Amino acid sequence: MSYPIEIIRHSLAHVMAAAIKKLYGDVKFAGGPAIENGFYYDFDTEHKFTPEDFAKIEKEMRDLIKSNGRFEQKNVSLDEAKKIFADQPYKMEWLNEYDAAGEALSIYNFRDFTDLCRGPHVESSKDLPRDSFKIRTVAGAYWKGDSRNKMLQRVYVDAFATAKELEEFEKMQEEAASRDNRKLGRDMDLFHFEPEYAPGAVFWHDKGYKIYRRLIDYVRMRQERAGYLEISTPSVMDKSLWETSGHWAKYGEHNYSGKTQDGKVFCVKPMSCPGGMLVFGQGIKSYKDLPLYLAEFGKVNRYEAAGGLSGLMRVREFTQDDAHIFCTEDQLEAEVVKVLRFIKDIYSKFGFDKISMKLATRKESEFRIGSDEIWDKAEGALKSALEKNGIEFEIAEGDAAFYGPKIDNYLKDSMGRVWQCGTVQLDMNLPERFDLSYIGEDGEKHRPIMLHRAMLGSIERFMGILLESTGGNLPLWLSPEPVVVTPISEKFKEYAKEVIEQLRDAGVYVGSDLRDEKVNYKIRELSLSKTPIIAVVGEKEMADKTVTLRHLGSEKQETIKLDLFIDQMKQAIKMPE
RNA sequence: GCCGGUUUAGCUCAGCUGGUAGAGCAUCUGAUUUGUAAUCAGAGGGUCGUUGGUUCAAGUCCGACAACCGGCACCA
């Protein structure tokens, strides 16, 4: 009988636990769910699992599967369960929790392994595949995901219904790895890192920086058209500012700070908001000034934990396309609707049509600013704004910031990892701390409502995602070198230079490859470095004032008049509206 | 930060149980003057991540630190 893949994966997790129990004896079992592409199981044992163990474990699993062991479910009382799991501290913790929550306790036996588990499982291991799973890696993971707890060993396994699917998955992983932002950064000569001097900070090369600037230029153009005002605030400010904002207390160890010769402590800004607050605070604001949009492409520095850094995706220094929207309570919902629509539209220009949003709501247990009434209203406003935009979203309960609820937008990298990019956050904290006010219709002072908003989020991260999603095959308007001109031979160098000059005069970024190499060789190299259009010129072209084009990913050739080509390029590199 | 792995030429990687470094591509030089994914020949290039130690001798063994990769935690 055939089962859904989740049940197969979950059952295989039990098989692996049974295999590990058999092979390594004294093991404390934590838990092992099915996940995308497979499953994992967390173990606590003296034995340190290494890649050398994998084949052995896999073999034991196959033997167990072959033995046609049954998965037998039984409901047990709390006392029975406590007896069964007396030497399994993690299971004990679970069963006490389940019991406290009023849930029935269910156990599953498979061979010598008994697990506290709701199931469901396959009936017998004969229903499980023997050749379509593979242990991928072992990694540390904290018990219950809390870093104050003990770190367990998590064994990750890729598992599918058939060997063919596993093979396809592995092939896809390999293909995805070839689109890694770090690899593309090197192959396309976009950027590099200096681990010794600046771990987690990007050295942008000319081509990478062109893309970077284009991203900013595009957002800037769109923002200005939408009535945003762009400001710029200092990178280094006195520690007292961060005490006022509350960031020193909450994120002190993640700030870069240093003492000046006269003994003052300054911080490199980890975010742009406090600067924005100070700008809003200048002069007297009227309700007629609201909503007020203050945007800033702020370069921020955060001393992120070393283990969390990852290429362009997670860096210590990055630029946010930040903006702060000051409005009245009545305007709040409409402003959120507007921002979400804005983000949705911007993303569509990069080919991200399906955007994944999470509404992060308050955590009841934790300290937070603002009354329940305000939170109700704030969460309600964000939720209804999402609904009014027809955006699908999940609710991430308890994920709100202490100062307010937020909507986070996630994009996936080539390996399927999820990264937060755009965000809309309601902040009830900073206007208060900076004592911001505007004069209302009634002539009285009122506290403005403030929204933080980033669309791309971190330019670095967004570019990483963009590179991986396109495999480096960027749309022409973002390409640092949409066209490279190369002559057939030495004899046509002069004409090639002429073509380059004309393109450059027309405002088209253009590269040249004037090396005395065979065309085949240059085509290969330019293709590997993701040149969108290669313009080859030889005798014919020089005589006819034409260029012969080859587009990335296609073998077709097309010869067109140089004038026409220049016009076409001028159009093609225009930013989307 | 935590767990595991890795770190050898610009890049990708080889160097078995210790005897003082190798390949391909790239670079440079020369020849070739090329019509759409690698022309041929020659040459140069490495404090083997850093730092302690063991040893007559360390890329190789042991320790510390760092960075990178994969997870976990964190992510204003």
Side-chain angles (χ1 to χ4, degrees), chain A residues 40 42 48-51 136-156 177 180 182-183 186-187 192-200 242 245-255 269-274 300 302-311 313-316 318 320 322 399 401-404 406 408 415 417 419-420 423 425 427 429-430 452 454 457-458 461 486-493 515-528 534-541 548-552 554-559:
Chain A
Y40 67 75
D42 287 347
K48 299 265 180 253
F49 293 114
T50 69
R136 175 154 37 97
T137 185
V138 55
Y142 298 107
W143 165 237
K144 286 188 168 172
D146 189 331
S147 60
R148 288 167 299 190
N149 291 338
K150 183 165 186 186
M151 182 162 268
L152 312 172
Q153 298 187 71
R154 175 170 295 177
V155 180
Y156 282 95
D180 186 293
R182 291 159 289 206
K183 183 172 158 35
R186 216 178 18 243
D187 292 350
H192 85 279
F193 289 92
E194 291 283 345
E196 203 175 334
Y197 304 117
W242 309 102
S245 72
H247 292 105
W248 184 260
K250 194 156 168 60
Y251 297 102
E253 71 276 24
H254 293 292
N255 288 324
K269 76 175 173 190
M271 54 186 332
S272 301
C273 345
V300 297
R302 301 172 180 179
Y303 195 72
E304 303 284 11
L309 302 177
S310 180
M313 302 303 187
R314 189 82 184 269
V315 288
R316 286 187 173 144
F318 57 100
Q320 288 177 311
D322 210 351
D399 272 1
F402 72 94
Y403 50 74
K406 55 180 184 165
D408 289 327
M415 300 297 287
R417 288 172 292 220
W419 299 92
Q420 195 216 101
T423 184
Q425 311 184 356
D427 191 327
N429 180 43
L430 290 178
H452 298 263
S458 143
R461 177 177 291 177
T486 191
I488 290 291
S489 81
E490 201 179 356
K491 293 175 219 153
F492 314 108
K493 265 189 201 175
R515 293 176 299 174
D516 298 337
E517 291 288 353
K518 292 203 166 189
V519 177
N520 280 316
Y521 179 83
K522 293 191 283 193
I523 294 285
R524 178 182 154 80
E525 285 219 328
L526 293 170
S527 299
L528 287 175
I534 303 170
V536 179
V537 294
E539 197 170 359
K540 277 187 307 193
E541 288 80 3
T548 295
L549 309 176
R550 181 188 168 118
H551 292 260
L552 184 60
S554 158
E555 284 170 27
K556 269 204 320 229
Q557 294 176 43
E558 171 200 11
T559 302

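Each chain gets a letter, A, B and so on, in the order the sequences are listed, and its residues count up from 1. Please read these numbers as outputs of a predicted model, since none were measured by experiment.
- Nucleic acid contact for A:E539: base, since at least one base atom lies under 4.0 Å from a heavy atom of the residue.
- Applying the 4.0 Å criterion to OP1 and OP2 of B:U34, one finds that A:R515 has every side-chain N and O outside that range.
- Within the nucleic acid shown, A:G246 has no heavy atom closer than 4.0 Å to any nucleic acid atom.
- Annotation: the span from A:L526 atom CG to A:L552 atom CG amounts to 10.0 Å, rounded to 0.5 Å.
- Rounding to the nearest 0.5 Å gives a distance of 15.5 Å between NZ of A:K150 and NZ of A:K144.
- Of the two residues contacting RNA chain B, namely A:F193 and A:E304, the nearest-nucleotide position lying further toward the 5' end is that of A:F193.
- Atom CZ of A:R417 and atom C1' of B:G71 are 10 Å apart (whole Å).
- Taking every side-chain heavy atom of A:T137 into account, B:G70 is the closest of B:U34, B:U39, B:G70.
- Nucleic acid contact class of A:T548 (heavy atoms, under 4.0 Å, all strands): base.
- In terms of the side chain to side chain contact (heavy atoms under 4.5 Å, CB included) criterion, residue partners of A:S458 (sequence neighbours excluded) are, by chain and number, A:F318, A:E460, A:R461.
- Place A:K491 and A:T50 on RNA chain B by their nearest nucleotides, and A:T50 ends up nearer the 5' end.
- When heavy atoms are screened at a 4.0 angstrom cut-off, A:E196 is found touching no nucleic acid atom at all.
- Computed from coordinates, the A:Q153 CD to B:C2 C1' distance equals 13 Å when rounded to whole Å.
- Under 3.5 Å, the side chains of A:Q320 and A:S272 contain no donor-acceptor pair of N or O atoms.
- Checking B:G1 for Watson-Crick or G-U wobble geometry (two distances, each under 3.5 Å) identifies B:C72 as its partner.
- For a distance-only test at 3.5 Å, the side chain of A:Y142 qualifies as a donor-acceptor partner of the base of B:G1.
- Using a 4.0 Å heavy-atom cutoff across all strands shown, A:L152 reaches no nucleic acid atom at all.
- One atom, CD of A:E525, and another, P of B:U27, lie 6 Å apart when rounded to the nearest Å.
- In this model, the phosphate group of B:A37 is approached by a side-chain N or O of A:N520 to a distance below 4.0 Å at OP1 or OP2.
- Straight-line distance from the CD atom of A:E253 to the C1' atom of B:C74: 10 Å, rounded to whole Å.
- Within the 4.0 angstrom heavy-atom criterion, only backbone atoms of the sugar-phosphate kind lie near A:R154; the bases stay farther away.
- A:R550 has no side-chain polar atom (N or O) that falls below the 4.0 Å cut-off from OP1 or OP2 of B:G35.
- Among the protein residues, A:N255 comes within range of the nucleic acid bases, having at least one heavy atom under 4.0 Å from a base atom.
- Across all strands shown, B:A9 forms no Watson-Crick or G-U wobble pair with both distances under 3.5 Å.
- When both pairing distances are held under 3.5 Å, B:C65 makes a Watson-Crick or G-U pair with B:G49.
- Using a 4.0 Å heavy-atom criterion, one finds that A:A139 contacts the bases of the nucleic acid, with or without backbone contacts as well.
- Side-chain N/O atoms of A:K183 include none lying less than 4.0 angstrom from OP1 or OP2 on B:C11.
- When the nucleotides B:A38, B:C2, B:U36 are ranked by their closest atom to the side chain of A:M151, B:C2 comes out on top.
- Pair check for B:U36 finds none; no Watson-Crick or G-U wobble contact set falls under 3.5 Å.
- Residue A:R136 is out of contact with every strand shown, counting any heavy-atom pair closer than 4.0 Å.
- A 3.5 Å limit on both hydrogen-bonding distances identifies B:C28 as the Watson-Crick or G-U partner of B:G42.
- As judged by a 4.0 angstrom heavy-atom cut-off over every strand, A:R186 is placed among residues touching the sugar-phosphate backbone only.
- Taking 3.5 Å as the limit, the base of B:C68 and the side chain of A:R182 contain no donor-acceptor pair of atoms between them.
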> Does the salt bridge (Lys or Arg N to Asp or Glu O under 4.0 Å) test come out yes or no for A:R314 and A:E304, once each step is laid out?
Replying inline: CA-CA 8 Å; A:R314 189 82 184 269; A:E304 303 284 11; 3.2 Å; yes
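- Atom CZ in A:F402 sits about 14 Å away from atom C1' in B:C75, given to the nearest Å.
- Within the nucleic acid shown, A:A305 comes within 4.0 Å of at least one base atom, counting heavy atoms only.
- Across all strands shown, nothing is found opposite B:U60 as a Watson-Crick or G-U wobble partner with both distances under 3.5 Å.
- Nucleic acid contact for A:H254: base, since at least one base atom lies under 4.0 Å from a heavy atom of the residue.
- Backbone-only contact: A:Y156 has heavy atoms under 4.0 Å from sugar-phosphate atoms and none from a base.
- A straight line from CG of A:L549 to P of B:U36 spans 15 Å, rounded to a whole angstrom.
- The side chain of A:V138 lies closest to B:G4, out of B:G4, B:A67, B:U34.
- Not a single donor-acceptor pair under 3.5 Å links the side chain of A:N429 to the backbone N or O of A:Y403.
- Comparing B:A38, B:C68, B:A73 against the side chain of A:S147 picks out B:A73 as the nearest.
- Note on A:K522: nothing from the nucleic acid sits closer than 4.0 angstrom, heavy atoms only.
- Under 3.5 Å, the side chains of A:K522 and A:T486 contain a donor-acceptor pair of N or O atoms.
- At a cut-off of 3.5 angstrom, the base of B:G35 holds at least one donor-acceptor pair with the side chain of A:E541.
- Listed pair A:Y521 / B:A26 meets the phosphate criterion, a side-chain N or O lying under 4.0 Å from OP1 or OP2.
- In this structure, CG on A:L430 lies 6.5 Å from OG on A:S245, to the nearest 0.5 angstrom.
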